[in-house]
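Because the structure is predicted, anything quoted here is derived from the model rather than measured. The first residue of the sequence shown is numbered 1, and numbering continues consecutively from there. Order of listing sets the numbers, starting from 1, for every ligand and every atom in it.
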Amino acid sequence: MSIFAPSFQLPEAMSASAANVDALYSFIFWLSVVLFVGIMVATVYFVWVYRKRPGHKAEPTGHNLFLQIGLAVAPIPLLVGMFHWGFKGYMDMSIAPAGAMEVRVRGFQWGWEFEYPGGETDSVLHVPVNRPVKLIMSSSDVLHSFYVPQLRVKRDLVPGMFTSLWFQPDKTGKMDVFCTEYCGGKSKDQNGNELAPSEYKGHWSMLSQIVVDTQEDFDKYIQGKGTPKDPVEFGKALYTQKGCNACHSVDGSVGVAPSWKGLWARSEPMLDGSMVTVDGNYLRESIVLPSAKIVKGYGSPSIMPSYQGLKDKEIDAIIEYMKTLK
Ligand code: HEC
Ligand SMILES: [Cu+2]
């Protein structure tokens, strides 16, 4: 490990794009070191050379146009270059490649739940090495932030919407997952009794791990989880259990509320004249905050009650069920 490598300050890089983040980071770091040292040495030198002493009289040096313009213009290509490098890296890290394995991440006070494409869940995330993984994240309560230093990635989980992140681990091993958005804590139990300090829970205990397996070990791990509950079946059950069927049909007939048939991905006019294309974020908002966007023709305020009490998992299942109603 060289002191020129950023791993001298940061933990081991475990993904392909981490190398680029590190290269840019080192470049900016060492550029700052060179400039800092250069400016300090020059300052000390000038302070010494032009110090006040008997027999010397200060003479104003006047204005140097060449120096002034030069110093203003010289940093521009450097700064534009740094911006370009950073922006390109940011875009590469924002857009997941097609065929990435999609994992649902749910943050809550105080922990993480990961759900694999087959519906299996766990509190730690296992991923196969050398395959892109896309995380689709939501929060059940307050702001959280998913941070994995070894991957050099971080993104907020915002209540009421989905955010996403992707990475491609390039070595097997373990990484730490932190929450980097202060999300509260508690020192009392449900009955208001003071807990022992070792029992305190909060932001600091919102820790997890990513375990990068070989494809073979990953397949074994998934098989070991058994057959999970099918989210579509679960969503279908919730449709009646939660009483959505009192207003919404699934066969296309429209009563007091729009039918769920053909809802996914359709474009709809809203009361305020805007058009909305139905996606996960819109559905989530329509369920949790029905009056945020009201479908045209169904009156204002919306007669739909807010379902803030639904768990993230239930909302996801309902959305999965809606997608099947073509
Ligand atoms: C009391 C009647 C009622 C119940 C019960 C109800 N809704 Fe609604 N819902 C409405 C009405 C009216 C609208 C259209 C106005 C609006 O956008 O809020 C609507 C709109 C929606 C939309 C947006 C539809 C679109 O076409 O864009 C979704 C999604 C939705 N409801 C989901 C649900 C879910 C999930 C449940 C059950 C957990 C539920 N609703 C229960 C009345 C209801
Ligand atoms: Cu948190």
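Of the N or O atoms in S302, one or more lie within a sub-3.5 Å distance of an N or O in ligand 1. Where the criterion is an N or O separation shorter than 3.5 Å, residue side chain and backbone included, Y282 meets it with respect to ligand 1. In terms of polar-atom proximity, W260 is not counted as a contact of ligand 1, lacking any N or O under 3.5 Å from an N or O of the ligand. Any N or O atom pair closer than 3.5 Å counts here, and C247 shares no such pair with ligand 1. Checking only distances, H248 does come within under 3.5 Å of ligand 1, N or O to N or O.
With a cut-off of 2.8 Å, the Cu ion (ligand 2) has an N, O or S atom of M206 in range. Using a cut-off of 2.8 Å, one finds that C179 contributes an N/O/S atom close to the Cu ion (ligand 2).
In V295, the parts holding a heavy atom less than 4.0 Å from any atom of ligand 1 are both the side chain and the backbone. Only the side chain of M322 comes within contact range of ligand 1, with a heavy atom under 4.0 Å; no backbone atom does. At a 4.0 Å heavy-atom cut-off, ligand 1 does not touch K296 at all. Residue contacts with ligand 1 for A246 are absent, since no atom lies close enough (heavy atoms, distance under 4.0 Å). For V256, every heavy-atom contact with ligand 1 shorter than 4.0 Å involves the backbone, none the side chain.
Atom ND1 is the N/O/S atom of H144 found closest to the Cu ion (ligand 2).
For ligand 1, the atoms lying closer than 4.0 Å to a non-hydrogen atom of S286 are 22 (C), 23 (C), 28 (C), 29 (C). Listed by atom number, the atoms of ligand 1 under 4.0 Å from L283 heavy atoms are 29 (C). Distances below 4.0 Å separate heavy atoms of Y298 from the following atoms of ligand 1: 14 (C), 15 (C). Listed by number with element, the atoms of ligand 1 under 4.0 Å from a non-hydrogen atom of I287 are 32 (C), 35 (C). Each of the atoms 17 (O) of ligand 1 lies under 4.0 Å from some heavy atom of K293. Annotation for ligand 1: atoms under 4.0 Å from non-hydrogen atoms of G243 are 5 (C).
Salt-bridge annotation for E268 and R266: present, with a side-chain N of the basic residue lying under 4.0 Å from a carboxylate O of the acidic one. Classification of K323 and E320 as a salt-bridged pair holds, one side-chain N sitting under 4.0 Å from a carboxylate O.
Of the N and O atoms on the side chains of Q215 and D219, at least one donor lies less than 3.5 Å from an acceptor on the other residue. Neither side chain, D170 nor S15, offers a donor N or O lying under 3.5 Å from an acceptor on the other. In this model, a donor atom of one side chain and an acceptor atom of the other lie less than 3.5 Å apart for N20 and W85. Side-chain contact of S259 with S249: a donor-acceptor pair under 3.5 Å is present, judged by distance alone. Side-chain contact annotation: S138 with R104, donor-acceptor N/O pair under 3.5 Å present.
Aromatic pair Y45/Y50: ring centres not closer than 6.0 Å. Side-chain rings of H126 and Y221 approach one another, their centers coming within less than 6.0 Å.
Applying side-chain contact (heavy atoms from CB on, under 4.5 Å) to Q150 and the options V212, V177, D176 leaves one that passes, D176.
For the pair R152 (side chain) and P149 (backbone), a donor-acceptor distance under 3.5 Å is present.
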